[in-house]
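I have placed the structure first, in the form of structure tokens, so that the comments after it can refer back to it.
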There are 2 protein chains.
Amino acid sequence: MKPAVGRRRSTSETRCERCTLQSLCLPLGLEVEALASFDAIIEHPRPLKRGQALMRQGERFESLYVVRSGSLKQLLAQPGQRDQVTHFHLPGEVVGLDGIAESRCYGSVVALESTFVCELPFHRLDELAEQVPELRSELYRCMSRELRNDQRMMCLLSGRTADQRLASFVLGLSERFRARGCSPNCFHLSMSRSDIGSYLGLALETVSRVIARFQEQGVLCVKGRELCIHDQAALVALAEEGVGRHSGS
Amino acid sequence: MKPAVGRRRSTSETRCERCTLQSLCLPLGLEVEALASFDAIIEHPRPLKRGQALMRQGERFESLYVVRSGSLKQLLAQPGQRDQVTHFHLPGEVVGLDGIAESRCYGSVVALESTFVCELPFHRLDELAEQVPELRSELYRCMSRELRNDQRMMCLLSGRTADQRLASFVLGLSERFRARGCSPNCFHLSMSRSDIGSYLGLALETVSRVIARFQEQGVLCVKGRELCIHDQAALVALAEEGVGRHSGS
DNA sequence: TCGTTACCTTGATGCCGGTCAAGCCCTTGT
DNA sequence: ACAAGGGCTTGACCGGCATCAAGGTAACGA
């Protein structure tokens, strides 16, 4: 089921050089020449349809992927527990770093909509990183950033109320869309309420209810999966709100 | 307050070559020669006393550290929220990887007891990694492993009951002690109940109560901070226990 | 067009675990 | 030796959120 067929190298239209995600992506800061070398190792598997898997938990790890367009969710299955969403991946984000350690994919990654990715065979990437210090740094930075994000998430999950979690989630998405040149105030949620709930450690009913409450308060407006933030300041206040669980005084 | 004074290079007794943590530590798998180069960049700040900080959130990131003996906790301060424990670090574990991304320490790291560390100035480490592919791989693997652990933690925090969290926590520690050649069944908790609670997203009272319950059930035995596991199988069962929150059927 | 299905919303109920409070134990310093 | 303070335990109470349940809505295929 791996999209081995349909892979192809860069064409003029898929070149990094012309990619709008340059400012976010791995080859950030590479010289023209290095960028060309980087480009040369990229493969382009055929696009994924909604629900299709980019990788499956336990599969052999071969490549990193960068989302080119669309979005995906990462799922972790654990013994005696329902699958859990651990990440959502947006364009420009690197997928699969957690597979390096054991040469196995640590989670499954599934497209939430039609999704294009760039594939970076890891051994070739590492070879290139040996020669290009900037690429090496960027790889470190990328992993480090993800560590940082995961830690934030752990804090979110461990000490905060449903309202705070939802507010942080929405703000986080908003920020990520802004960085991608999309509207930070109105955007489309490609994931279901149930995905959001799983990700935030809440029941899907709670997600629904909190969204409804935010709407009543005029903080945002949701219709199906279209979301508009009306009062960002209020959302920030909701996310930080002094008194969550364990928050003390 | 940085322990700049008292740093010194390796002496015969601090050499990696003779270190009992070799099988766990970063230079894993290096040839004799590469190991010597690695050894040469290590510095040894003076030991930390209980409560002393190895790094403080927001400080400039310069070095990675490896715990040589003792243990530390990592704390993250967030606006309008009490500090939260995000990691406990045991001997052989690398500290500070999350600082690479922004060249700032992402959290504060504080000793839980008398603690020795090895300091690895990051720019020198990276220089060496350029020449030694094995070291590079090990660095990647190390970060990747941490990503994986953080994800496990996120799952723990988001979908599980207090009992499951505690049981997983104890099992995790047990496993880590085993890997370090210590008894996996009887060990010392260098962190307070409150630290454990913060780490697991529970009130310290809950930690105390759950431990008491486990004790009544004969699963383990705790006296102050000494812990003995009596029935590991039961603990595994408690950790996985089909029916947690969100677990569905 | 209709039926099927997946997704979402809203209500009612109950439990887990947070919070507050009181007291014990052990350590540390004078 | 005693006082003081930090850490731990245990009890009582109650609130937030999971769970169960019952529709409503939208998308899709026949």
Side-chain angles (χ1 to χ4, degrees), chain A residues 49-51 73 81-82 84-85 110 112-114 156-167 188-216 221-227 238 241-249, chain B residues 49-51 73 81-82 84-85 110 112-113 156-167 169 188-216 221-227 238 241-249:
Chain A
K49 280 180 289 208
R50 175 195 166 90
K73 63 178 171 183
Q81 200 75 11
R82 154 181 311 183
Q84 178 161 341
V85 176
V110 174
L112 290 168
E113 57 193 311
S114 295
L156 196 72
L157 291 173
S158 90
R160 316 188 90 140
T161 64
D163 286 26
Q164 293 174 316
R165 295 183 203 190
L166 237 311
H188 179 80
L189 301 168
S190 57
M191 67 294 282
S192 68
R193 304 289 190 266
S194 156
D195 288 335
I196 297 174
S198 173
Y199 180 64
L200 295 177
L202 300 170
L204 71 92
E205 293 93 329
T206 305
V207 173
S208 191
R209 268 187 264 266
V210 173
I211 289 178
R213 186 144 19 88
F214 284 179
Q215 227 167 162
E216 287 165 22
C221 170
V222 180
K223 223 173 178 142
R225 293 191 174 182
E226 298 304 321
L227 185 150
L238 279 166
E241 194 145 272
V243 270
R245 316 176 338 150
H246 318 274
S247 63
S249 53
Chain B
K49 281 180 287 207
R50 175 195 168 90
K73 62 178 171 184
Q81 201 73 12
R82 152 181 313 184
Q84 178 161 339
V85 176
V110 174
L112 291 168
E113 58 194 312
L156 195 72
L157 291 173
S158 92
R160 316 187 92 141
T161 63
D163 287 24
Q164 293 174 316
R165 294 183 203 191
L166 237 311
F169 175 68
H188 179 81
L189 300 169
S190 57
M191 67 293 284
S192 69
R193 303 289 190 266
S194 156
D195 288 335
I196 297 174
S198 173
Y199 180 64
L200 294 177
L202 299 171
L204 71 92
E205 294 93 329
T206 305
V207 174
S208 191
R209 270 187 263 267
V210 173
I211 289 179
R213 187 144 21 87
F214 283 180
Q215 226 167 162
E216 287 164 22
C221 170
V222 180
K223 230 181 170 132
R225 295 191 173 182
E226 297 305 320
L227 185 151
L238 279 165
E241 195 145 272
V243 271
R245 317 179 338 152
H246 316 274
S247 64
S249 52

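Order of the sequence lines fixes the chain letters, A, B, ..., with proteins taken first and strands second; residue numbering starts at 1 for each chain.
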Return the nearest nucleotide to the side chain of Ser192(B); candidates are dC8(D), dC7(C), dC17(D). dC8(D)
For the side chain of Arg193(B) and the backbone of Glu205(B), is there at least one donor-acceptor N/O pair under 3.5 Å apart? no
For the side chain of Gln84(B) and the backbone of Tyr199(B), is there at least one donor-acceptor N/O pair under 3.5 Å apart? no
Can you tell me the distance, in whole Å, between the CG atom of Leu157(A) and the P atom of dC17(D)? 13 Å
Has the side chain of Glu205(B) got a donor or acceptor that lies under 3.5 Å from a partner of the other kind on the base of dC20(C)? yes
Within the distance-only criterion (no hydrogens, no angle test), does the side chain of Gln164(A) pair as donor or acceptor with the backbone N or O of Thr161(A) below 3.5 angstrom? yes
Just N and O in the side chain of Arg225(A): are any of them under 4.0 Å from OP1 or OP2 of dC8(C)? yes
Verify, without hydrogens or angle tests, whether Arg160(A) (side chain) and Arg165(A) (backbone) share a donor-acceptor contact under 3.5 angstrom. no
Determine the contact category for Leu204(B): base if any of its heavy atoms lies under 4.0 Å from a base atom, sugar-phosphate if only primed atoms, P, OP1 or OP2 are that close, otherwise nothing. base
If you check the Thr206(B) side chain, which of dC17(D), dC7(C), dG17(C) turns out closest? dG17(C)
Over how many whole Å does the gap from Arg160(A) atom CZ to dC17(D) atom C1' extend? 18 Å
Give a yes/no on whether any side-chain N or O of Arg209(A) is located under 4.0 angstrom from OP1 or OP2 of dC17(D). no
Between P of dT9(D) and CG of Leu202(B), the distance in whole Å: 14 Å
Write down the atom of Thr206(B), the atom of Ala162(B), and the distance for their closest heavy-atom approach. CG2-CB, 3.8 Å
Under 4.0 angstrom, heavy atoms only, what part of the nucleic acid is Gly201(B) near: base, sugar-phosphate, or nothing? sugar-phosphate
Please determine, for the side chain of Ser208(A), which listed nucleotide (dC20(D), dC8(C), dG17(C)) has the closest atom? dC8(C)
Taking the side chain of Ala162(B) as heavy atoms from C-beta outward, which of dC7(C), dT9(D), dG17(C) is closest to it? dG17(C)
Interatomic distance where CZ belongs to Arg213(B) and C1' belongs to dG17(C) [whole Å]: 10 Å
Once you round it to whole Å, what is the distance between P of dG16(D) and CG of Leu166(A)? 16 Å
